[in-house]
Undergrad: 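Sharing a structure, written as structure tokens. Questions coming.
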Amino acid sequence: AYEEEFMQREKEITFTPTLRERIGRHIYGEKWAQNIKKSLLNAQLLERPIHIISANLHSVMNSLYAPAALKNAFKEPKSISEIALELSKADNEQLNQKVKKYALSHGMISISDESGTNLAVQIFDTAQIDLDDISDEIHIQKEYLQQQKPVIVVMDYAFGEQAYETMDELLKPLKTEKKHHHMPIASISIMGKAGILEGQKGDIMIPTAHVFEGTADNYPFENDFKKEDFKDQGIAVYEGPMISVLGTSLQNRDVLDYFKSSSWQAIGLEMEGAHYQKAIQAEVKIRKNIQEDVILRYAYYASDNPLVTGSTLASGSLGLVGVKPTYLITVQILSKILNPKNYHPQKKTAKA
């Protein structure tokens with residue numbers, strides 16, 4: 001006000017990110033989502049079943065392509081997680097580039113971010129994947145893939161309010177001069193890393209609901225993942241509500257003990273689940289932009305246990321311990337996408 005009065009400078013008013021989110025005015029997410037949807041339209045993929053995965057940008061690509069791209073790189077056959085361990089080594093950058101090159105020539109489209117979200121995206125056209133080269137660890141149904149030709153869209157991890165903005169914009173129709181292209185979303189899978197309240201680093205959590213910290217807001221949902229999906233893998237699995245927290249720096253033992261021991265019975269804490277679910281429910285239940293029977297899958301692997309000394313985030317990164325649960329969840333997501341239980345092949349009718 002002083003500068004306006006005495007220095008003749010115009011007053012500038014800015015809106016906080018929180019206010020922009022609450023009024024639904026998305027700046028970066030809208031540009032980001034438009035770029036993805038236009039890429040799908042230009043590649044003639046917008047009429048096929050689309051499966052969205054929120055994850056890292058290596059596990060889906062490596063699971064689908066690395067066994068074929070590197071089949072002559074090792075003396076003995078390796079599992080997907082064993083190959084991933086090799087690819088995670090600093091001196092194997094050449095192998096990583098070989099997998100990426102193979103993927104780009106077999107149906108993968110890589111979209112770098114130019115909107116400001118810093119979320120890169122990969123699109124996988126399953127019609128261009130050699131089904132015989134897919135690892136036996138991933139269960140597929142060839143008839144389904146040959147008839148439906150599903151498309152997989154992998155978006156990098158989003159955190160906090162950014163998860164709401166990006167998912168909300170991605171699920172909206174693409175508006176062109178000719179028509180509104182509704183997104184044919186068949187499933188949405190969220191894989192993340194989270195703090196666990198009972199268990200240890202590397203364990204897996206299957207949420208049944210997201211509870212938003214600092215409010216009574218809660219988002220129960222039907223998770224297509226069940227505890228049984230990860231049995232007999234040598235990894236402990238926990239199922240129950242999870243807390244979507246505002247940030248790790250706000251946590252203390254009293255708060256965490258309350259969420260774990262009270263009637264909330266929380267199994268872990270993460271930063272994006274409630275935001276994703278808020279966007280999905282709005283598009284399904286209110287805006288009706290995507291079909292109501294969209295399949296939801298949420299699974300997290302434990303990056304730390306903030307209640308155990310020596311197992312907090314401050315104790316160091318998850319390292320190689322995270323490779324097995326990351327790829328176990330990824331393989332399960334892909335198996336459920338590529339081998340749907342509710343699919344019934346179209347029967348050929350005899351000619352008269």
Side-chain angles (χ1 to χ4, degrees), residues 1-39 41 52 54 56-57 110-121 155-177 180-181 183 190 192-195 210-219 242-256 258-259 269-283 285-287 289 303-304 306 312-314 317:
Y2 177 89
E3 291 178 351
E4 182 182 33
E5 178 69 24
F6 297 104
M7 302 176 68
Q8 287 74 52
R9 290 185 180 177
E10 293 184 354
K11 187 180 293 183
E12 182 178 299
I13 300 173
T14 59
F15 297 97
T16 65
T18 302
L19 180 59
R20 287 202 302 267
E21 296 299 336
R22 286 175 178 171
I23 64 176
R25 184 170 182 268
H26 301 153
I27 298 175
Y28 304 108
E30 183 177 7
K31 295 178 182 177
W32 173 83
Q34 285 289 103
N35 189 28
I36 297 168
K37 286 180 273 194
K38 286 179 180 177
S39 298
L41 182 65
I52 297 173
S54 172
N56 56 66
L57 294 180
S110 182
I111 305 176
S112 58
D113 177 64
E114 298 177 355
S115 66
T117 63
N118 292 317
L119 299 181
V121 170
M155 56 181 284
D156 204 352
Y157 291 122
F159 296 101
E161 290 283 356
Q162 187 189 43
Y164 172 74
E165 176 177 346
T166 50
M167 186 61 72
D168 184 55
E169 293 295 336
L170 185 57
L171 299 182
K172 290 178 180 178
L174 172 64
K175 298 178 182 179
T176 62
E177 294 180 359
H180 284 195
H181 302 267
M183 297 287 285
I190 311 297
K193 51 186 176 182
H210 295 294
V211 181
F212 196 37
E213 180 189 29
T215 71
D217 296 349
N218 54 85
Y219 301 89
M242 292 186 70
I243 309 300
S244 293
V245 299
L246 298 172
T248 56
S249 62
L250 301 177
Q251 305 311 310
N252 60 62
R253 180 172 292 275
D254 291 337
V255 172
L256 298 179
Y258 169 74
F259 280 129
L269 52 151
E270 45 75 45
M271 294 180 64
E272 67 279 347
H275 301 284
Y276 274 137
Q277 194 58 30
K278 179 170 66 173
I280 293 167
Q281 288 183 187
E283 297 299 326
K285 303 290 186 181
I286 301 174
R287 290 171 168 164
N289 281 330
S303 58
D304 63 294
T312 64
L313 284 173
S317 66

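If you're wondering where the values come from, they're calculated on a predicted model, not measured in any experiment.
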Undergrad: Taking only residues two or more places apart in sequence or in another chain, which ones pass side-chain hydrogen bond (donor to acceptor under 3.5 Å, both in side chains) with E30?
TA: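 With neighbours one apart ignored, the set is empty.
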Undergrad: Using every non-hydrogen atom in the two residues, find where A274 and F212 come nearest and quote the distance to one decimal.
TA: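 Looking at all heavy atoms of both residues, the closest pair is CB-CD1, 4.2 Å.
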Undergrad: Quick one: side chains of residues 275-282, donor-acceptor pairs under 3.5 Å with protein atoms, not counting sequence neighbours, listed by atom name and distance.
TA:
from, atom 1, to, atom 2, distance (Å)
Y276, OH, S54, OG, 2.9
Q277, OE1, Y298, OH, 2.7
Q277, NE2, Q281, OE1, 3.4

Undergrad: Regarding D168 and R287, does a basic nitrogen lie under 4.0 Å from an acidic carboxylate oxygen?
TA: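 Between R287 and D168 there is a salt bridge, with a charged N closer than 4.0 Å to a carboxylate O.
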Undergrad: Out of curiosity, E161 CD to M271 CE, how far, rounded to the nearest 0.5 Å?
TA: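 These two atoms lie 10.5 Å from each other.
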Undergrad: Nearest 0.5 Å, please: how far is CG in L174 from OG in S39?
TA: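 Nearest 0.5 Å value for the OG-CG distance: 10.5 Å.
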Undergrad: Identify the heavy atoms of E213 and L246 that sit nearest to each other, and give their distance.
TA: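 Smallest heavy-atom distance, with atoms named: OE1-N, 2.9 Å.
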Undergrad: Using every non-hydrogen atom in the two residues, find where H180 and P173 come nearest and quote the distance to one decimal.
TA: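 Closest approach of H180 to P173, heavy atoms only: CB-CB, 4.4 Å.
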Undergrad: Looking at residues at least two apart in the chain, or sitting in another chain, which of them share a side-chain hydrogen bond (donor to acceptor under 3.5 Å, both in side chains) with D156?
TA: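 Not a single residue meets the side-chain hydrogen bond (donor to acceptor under 3.5 Å, both in side chains) criterion with D156.
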Undergrad: Of all heavy-atom pairs between A194 and L269, which one has the smallest distance, and what is that distance?
TA: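 Closest approach of A194 to L269, heavy atoms only: CB-O, 3.2 Å.
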Undergrad: Got a second to check how far E169's CD is from Y164's OH, nearest 0.5 Å?
TA: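 Atom-to-atom, E169:CD and Y164:OH are 8.5 Å apart.
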Undergrad: Between L171 and E283, what is the shortest heavy-atom contact and its length?
TA: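 Minimum heavy-atom contact is CB-CG, 3.7 Å.
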Undergrad: To the nearest 0.5 Å, how far apart are CD1 in I27 and CD in E165?
TA: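 Reported to 0.5 Å precision, the distance equals 8.0 Å.
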Undergrad: Side-chain contact test, heavy atoms from C-beta onward, threshold under 4.5 Å: evaluate it for K37 versus M183 and give yes or no.
TA: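 A side-chain contact exists here, since the closest heavy-atom pair is under 4.5 Å.
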Undergrad: When you compare the side chain of M155 with that of W32, does any pair of heavy atoms fall below 4.5 Å?
TA: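 The answer is yes; the side chains approach within 4.5 Å.
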Undergrad: So E4 and R9, salt bridge (charged side-chain N to carboxylate O under 4.0 Å, His left out) or not? Walk me through it.
TA: CA-CA 5 Å; E4 182 182 33; R9 290 185 180 177; over 6 Å; no
Undergrad: Take E272 and S244 through the side-chain hydrogen bond (donor to acceptor under 3.5 Å, both in side chains) test and state the conclusion after the steps.
TA: CA-CA 6 Å; E272 67 279 347; S244 293; over 6 Å; no
Undergrad: Please give me the minimum heavy-atom distance between L119 and D113, naming the atom from each residue.
TA: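 Scanning both residues, the minimum pair turns out to be O-CB, 3.7 Å.
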